[in-house]
Amino acid sequence: MPYHKIPHWTPDQGLEVLTFGLGVETFALEAGIVREILDVMPLTQVPGADPMAAAVINFRGRIVPYADLRMSFGMDATAHTAESRIIVIELELDGDPTLIGLAADRVNEVTVLKAQDAEDTPVIGMRWPRENVRCLVRRDGDVVVLPDLPQLFARLTTNVADAPTVH
Amino acid sequence: MSEDPTAAFRIEAGELLEQVEQGLLDLRDNLGDMGLVNAVFRGLHTLKGSGAMFGFDALAAFTHHCESAFDRVRKGDVRATKDLVTVILSAGDHMRALVDGDAPKATGDAILAKLAAAVDAAAGGGSAPVAAAPVKQGWTLSFRLPPDAMANGTNPLALLDELRELGEATIAVRTDAVPPLDKLVPNHCLLGWDCTLIGDISREAIEDVFLFVMDDMEIAIEPLAVEGEAVEATPTAESEAQGTAVVAANDGAGRAVAMRAQGEHVRVPAERLDELMDRVGELVIAQSRLSQLAHSGHDLALRSVSEEIERLAGEMRDTMMVLRMVPVSTLFGRFRRLIHDLAIETGKAIELVTEGETTEVDKTVIERLFDPLVHIIRNSCDHGLEQAADRVAAGKPESGLIRLSAHQAGGEVLITITDDGRGIDRERVRAKAEANGLIQPGQAVSEDELLGMIFHPGFSTAAQVTNLSGRGVGMDVVKRTIESLRGSIDVKSQPGEGSTITLRIPLTLAIIEGLLVRVGEGRYVIPLSAVEECLELSLEEDLRSRGRSIITLRERLIPFLRLRDLFATDTRPDTYQKIVVVGIGAERVGLVVDQIIGNHQTVIKAMSPLHRNVASFAGATILGDGSVALILDIAQLVALGQPKEERRLAAG
């Protein structure tokens with residue numbers, strides 16, 4: 001069963017998540033990694049950085065990268081709306097806890113996902129690379145995507161050797 | 001912080017070993033000093049005791065041998081010799097390894113074998129220099145333990161028993177300091193004792209009884225007046241006077257140390273300081289937003305509160321900076337040992353002189369300076385200083401001199417490493433530079449440029465590779481480390497008279513003085529230390545220089561980079577663009593910006609690991625309005641501008 005890929009997710013317990021929307025899709029993050037939900041604030045672009053994390057924000061005096069998952073899920077960038085938020089999460093990258101601000105078009109709710117609703121990502125029918133997703137969960141007639149964040153961000157921290165230089 | 005008791009022991013052991021090492025190094029220069037012998041002995045004893053308590057049995061067993069050897073020195077059976085000190089120093093290293101838990105047993109055994117040999121050699125040397133001749137008559141002593149002695153684990157009865165073992169003892173208790181019952185603190189030791197000891201006992205034997213409480217207690221030891229021994233009495237009295245003086249001095253110093261340990265110092269993990277630093281940084285930012293608000297309105301009360309907070313926040317930041325400062329003595333102290341080892345390895349006599357140890361530098365800076373300094377000192381000792389015979393032939397004192405000095409100049413600390421050796425051989429540097437293609441044969445090069453060649457990667461003028469040099473880090477790594485600390489390095493050398501290497505290091509890495517500029521819509525900080533000057537780039541010059549990005553500045557061609565292109569801002573250039581000329585060492589590069597906003601002093605924040613691959617920025621900072629400005633990494637930008645320009649020059 002696909003829920004095995006996610007730590008502490010058992011059929012009896014369920015998984016507590018925060019769901020948020022990007023474009024037409026709904027994504028979910030383990031509630032335990034969410035640190036704070038912020039209103040949109042001024043972004044500082046980092047020239048030469050990967051488009052997925054092209055800016056930084058000031059999160060209570062700390063410089064936190066601002067990451068946009070749209071690119072990795074084949075969506076176009078859209079302007080901020082009144083519902084846009086930044087979800088600050090803490091991820092373990094290369095063994096160090098790292099704060100990241102995730103762009104969200106809207107933040108929905110904290111809810112519990114049932115293990116029996118989890119499905120493996122189908123081989124066809126998706127526009128995005130399969131490895132970006134840990135699993136899909138059926139919920140209220142729709143599908144919630146659990147992105148594989150460590151996998152998505154690992155790409156940015158590893159290839160120091162062939163670092164892209166600014167144009 | 002974890003509550004692991006062995007972690008606490010590791011820290012304590014580290015400090016004890018440091019003390020023992022410093023004591024040993026002092027002792028090496030002054031072999032007869034019994035105060036130092038005792039200090040080293042006590043250090044080893046405590047290490048053994050607490051090691052056994054925390055389950056470091058191998059450490060306790062090993063330390064025991066060293067302690068016994070030192071006990072014999074203390075008792076006068078064995079003389080303190082340089083060999084012995086050297087062996088115990090290497091034993092200290094082994095103890096450190098034992099504390100860390102990765103010590104091969106063979107190393108320990110080898111050291112113990114050497115120790116035994118050194119002790120045997122020293123034991124042959126007859127009686128100890130300081131050991132006083134046993135005094136026949138006897139002693140009266142009166143002593144009083146510190147009130148908290150029992151709380152610290154001292155058992156007065158055991159001390160009295162030990163005194164009884166020395167000879168025929170008559171002991172009387174003094175109760176004059178015992179208060180009325182309602183004021184009595186039951187676990188304080190308020191009794192004093194008078195004791196008369198008859199027998200063939202040396203003063204040292206009595207003092208040994210009190211060795212571990214001597215620092216805090218009151219004690220008076222007087223020889224028992226016995227008639228008819230006037231001849232012998234005179235020298236004894238003299239040695240008495242000396243002995244008392246030593247005890248008194250010990251007493252004072254010991255008390256001061258004890259007081260400092262209890263009342264004035266608090267051990268705080270460095271990360272808590274960093275957290276506090278972050279908070280203070282946030283406070284300063286919030287405060288500057290508050291003051292902007294206050295100044296935009298007309299509320300006088302708000303404005304006065306805001307000014308008050310501004311002052312407090314500024315003071316707090318200054319205090320915070322001082323908290324992170326540690327004296328360079330912590331750094332210099334570690335080099336005494338290095339010099340000692342180098343002297344043995346090279347067979348040269350080397351003397352280390354340090355100056356300005358009280359100069360204070362940020363803790364992180366100190367830690368990162370250690371490796372480069374080790375390398376520079378090794379180089380000076382290995383290549384710089386001559387063998388004793390050559391030195392004498394050159395009319396210099398036999399032992400070579402390494403001088404380490406530190407002093408503060410403005411926001412920087414200058415650390416100089418001077419040797420009085422043969423100096424850097426310019427001919428050899430030149431030959432090597434020509435061989436490496438760094439300069440053309442016969443090309444005129446200035447003195448500074450020529451000496452600066454030694455910082456190029458893979459550059460070594462050593463005629464033969466020795467054990468000391470070529471151990472991984474070269475001078476290029478030294479230079480890079482210093483530059484990563486936003487410092488600079490400079491070499492001066494006089495043939496036959498020696499070399500001086502000067503490091504300029506900022507006092508702290510946490511704060512930067514910068515020039516705030518605007519490129520497109522983004523704001524960036526250029527470290528002010530790298531800025532040489534600012535010029536205007538006129539429109540026509542801008543158009544003319546489309547084909548080549550070079551300007552002429554005082555007869556020199558300076559390549560420049562358009563940051564707007566580099567950062568792909570997609571904005572139209574301002575009419576009056578500026579060129580900020582920045583430089584590192586001899587390399588210059590111009591950075592074209594849209595606007596120069598002004599000076600900006602700010603707290604540096606590290607970039608997130610997600611932006612590790614972006615080379616152009618050294619960090620980021622938060623501006624008064626709460627937005628983020630990136631700090632340009634000048635070394636990277638210079639490197640980026642240079643090869644392009646060279647390609648262009650080569651092609652044209």
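Model, not experiment: these values are computed from the prediction. Numbers restart at 1 for each chain; the letters A, B, ... are given by sequence-line order, proteins then strands.
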(message) With a sphere of 6.0 Å drawn around NZ of Lys363(B), does it hold more than 12 non-hydrogen atoms of other residues, nucleotides or ligands?
(response) no

(request) Report, by ascending residue number, the residues of residues 30-45 of chain A in heavy-atom contact with chain B at a distance under 4.5 Å; give 'none' if the set is empty. (result) Thr44(A), Gln45(A)

(message) Just to be sure I understand the criterion: a residue of residues 63-71 of chain A counts if one of its heavy atoms is under 4.5 Å from a heavy atom of chain B. Which ones qualify?
(response) Ile63(A), Pro65(A)

(request) Mark yes when over 12 heavy atoms from residues, nucleotides or ligands other than Glu521(B) sit less than 6.0 Å from its CD; otherwise mark no. (result) no

(message) Just verifying a value: how many Å separate Ile622(B) CD1 and Arg62(A) CZ, rounded to the nearest 0.5 Å?
(response) 10.5 Å

(message) Please give me the minimum heavy-atom distance between His611(B) and Ala49(A), naming the atom from each residue.
(response) CD2-CB, 3.7 Å

(request) Find out whether Val46(A) and Leu630(B) are in side-chain contact, i.e. whether some heavy atom of one side chain is under 4.5 Å from a heavy atom of the other. (result) yes

(request) Under the side chain to side chain donor-acceptor pair (under 3.5 Å) rule, collect the residues that match up with Arg523(B), sequence neighbours excluded. (result) Asp625(B), Ser627(B)

(message) Using the side chain to side chain donor-acceptor pair (under 3.5 Å) criterion, which residues pair with Thr111(A)? Sequence neighbours excluded.
(response) Arg139(A)

(request) Decide yes or no on side chain to side chain contact (heavy atoms under 4.5 Å, CB included) for Ile100(A) and Leu610(B), but give the supporting numbers first. (result) CA-CA 9 Å; Ile100(A) 299 171; Leu610(B) 289 190; 3.8 Å; yes

(request) Side-chain contact test, heavy atoms from C-beta onward, threshold under 4.5 Å: evaluate it for Pro47(A) versus Phe617(B) and give yes or no. (result) yes

(request) Can you spot which of Leu93(A), Val56(A), Thr98(A) makes a side-chain contact (heavy atoms from CB on, under 4.5 Å) with Ser608(B)? (result) Thr98(A)

(request) Would you indicate whether Asp76(A), at its atom CG, is surrounded by more than 12 heavy atoms from other residues, nucleotides or ligands within a distance under 6.0 Å? (result) no

